[in-house]
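To start, the structure under review is shown below, and the notes come after it.
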Amino acid sequence: MSAFRKNVLDIAKKQINEESDIYFDYKLIKQGRSFRWVEIYVNAKMAQQLIINFEESIDNQKYISKLVVYGFSQIQAELIAGKEKESNFDILITELNEKIRQRKLKIENSVGYLVGVYQKKGILPVKN
């Protein structure tokens, strides 16, 4: 049971809790001196509340959130959203995905690549 706990249950618990929107836990239950059952507890994690700024358009806030989901920092997302239309970003992502699918481009860090694209366009500052 200790090997099962160490090699299966604890690893599953760690991976599920870190990598998903689910909270997973378990409890080993004994009958006499031996473990006989495993109770598994699964709950959905609470989603973070989106803060809405009523002074800014909802479309721009959605665009900024979209950029953050792609891996940009909040500040980078705000700079990009202030200077580049969302449709241009969508075209850039579509073209990038197509080049990767066709094996014309190999990227290990897609966020870094996108940051470089926006730095070349002059939208994001270049760090020295």
Side-chain angles (χ1 to χ4, degrees):
M1 183 52 86
S2 65
F4 177 68
R5 178 184 223 173
K6 177 183 165 191
N7 296 323
V8 177
L9 292 173
D10 289 341
I11 291 172
K13 177 181 174 179
K14 182 177 186 255
Q15 289 177 346
I16 290 170
N17 290 343
E18 288 177 0
E19 305 294 331
S20 73
D21 59 350
I22 298 171
Y23 174 77
F24 169 84
D25 204 357
Y26 65 91
K27 179 179 172 184
L28 298 173
I29 302 172
K30 285 186 173 184
Q31 182 181 33
R33 292 176 29 166
S34 302
F35 290 107
R36 296 289 180 186
W37 298 278
V38 178
E39 279 187 13
I40 296 177
Y41 305 96
V42 179
N43 288 320
K45 292 179 186 173
M46 297 299 287
Q48 262 189 332
Q49 179 66 39
L50 178 64
I51 298 171
I52 298 174
N53 179 354
F54 291 101
E55 313 239 335
E56 190 176 335
S57 80
I58 192 73
D59 290 334
N60 195 44
Q61 291 179 64
K62 286 180 183 178
Y63 180 28
I64 291 170
S65 294
K66 179 180 184 176
L67 292 167
V68 169
V69 167
Y70 270 93
F72 291 101
S73 71
Q74 183 71 28
I75 293 169
Q76 291 171 329
E78 289 171 3
L79 288 170
I80 294 168
K83 295 180 181 176
E84 177 104 321
K85 293 180 182 178
E86 185 174 4
S87 59
N88 292 343
F89 177 74
D90 292 338
I91 291 168
L92 174 65
I93 293 297
T94 302
E95 289 174 352
L96 181 62
N97 286 333
E98 189 60 31
K99 286 179 184 177
I100 292 170
R101 261 191 296 270
Q102 294 175 353
R103 298 178 189 224
K104 293 180 180 178
L105 189 61
K106 183 177 180 183
I107 299 175
E108 298 206 14
N109 181 353
S110 58
V111 177
Y113 179 84
L114 291 170
V115 167
V117 168
Y118 284 113
Q119 285 174 338
K120 287 179 184 175
K121 288 184 174 185
I123 294 174
L124 293 178
V126 179
K127 291 184 181 179
N128 295 326

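Along the sequence shown, residues carry numbers from 1.
Residues meeting the salt bridge (charged side-chain N to carboxylate O under 4.0 Å, His left out) test with Lys13, sequence neighbours left out: Asp25. With sequence neighbours left out, the salt bridge (charged side-chain N to carboxylate O under 4.0 Å, His left out) criterion links Arg101 to Glu98.
Atom CG of Leu92 sits about 11.5 Å away from atom OG of Ser87, to the nearest 0.5 Å. The CD atom of Gln31 sits 4.0 Å away from the CH2 atom of Trp37 when rounded to the nearest 0.5 Å. Here the NZ-CD distance, from Lys66 to Gln61, works out to 15.5 Å after rounding to the nearest 0.5 Å. The CG atom of Leu105 lies 11.5 Å from the CD atom of Glu95; values are rounded to the nearest 0.5 Å. Here the CG-CE distance, from Leu28 to Met1, works out to 5.5 Å after rounding to the nearest 0.5 Å. Residue Ile80 holds its CD1 atom at 8.0 Å from OG of Ser73, rounded to the nearest 0.5 Å.
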Self-check item: Leu114 vs Leu96, side-chain contact (heavy atoms from CB on, under 4.5 Å): CA-CA, chis, key distance, verdict
Solution: CA-CA 9 Å; Leu114 291 170; Leu96 181 62; 3.9 Å; yes
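Between Tyr118 and Phe89, the ring planes lie parallel to each other; the angle is under 30°, not in the 30° to 60° tilted range.
In terms of modelled atom types and a separation under 3.5 Å, the side chain of Glu39 and the main chain of Ile29 share no donor-acceptor contact. Remark: side-chain polar atoms of Gln119 are paired, donor with acceptor, to backbone N or O of Pro125 under 3.5 angstrom.
A salt bridge links Lys121 with Glu84; the closest basic N to acidic carboxylate O contact falls under 4.0 Å.
The cluster map of Ile, Leu, Val, Met, Phe, Trp and Tyr, joined by side-chain heavy atoms under 4.5 Å apart, puts Ile93 and Leu79 in the same cluster. The cluster map of Ile, Leu, Val, Met, Phe, Trp and Tyr, joined by side-chain heavy atoms under 4.5 Å apart, puts Tyr63 and Val117 in the same cluster. Linking ILVMFWY residues whenever their side-chain heavy atoms come closer than 4.5 Å, directly or via other members, leaves Ile40 and Ile11 in distinct clusters. Note on Ile75 and Leu67: same hydrophobic cluster, where clusters join Ile, Leu, Val, Met, Phe, Trp and Tyr whose side-chain heavy atoms are under 4.5 Å apart, directly or indirectly. A continuous path of hydrophobic side-chain contacts links Ile123 to Val111 [ILVMFWY only; heavy atoms under 4.5 Å].
For Tyr41, the OH atom is densely surrounded, since the number of other residues' heavy atoms within 6.0 Å is greater than 12.
Side-chain contact between Asp59 and Glu86: absent, with no pair of heavy atoms (C-beta onward) separated by less than 4.5 Å. Between Val42 and Tyr23, every side-chain heavy-atom pair lies at or beyond the 4.5 Å cut-off.
Closest approach of Asn17 to Phe24, counting heavy atoms only: OD1-N, 2.6 Å.
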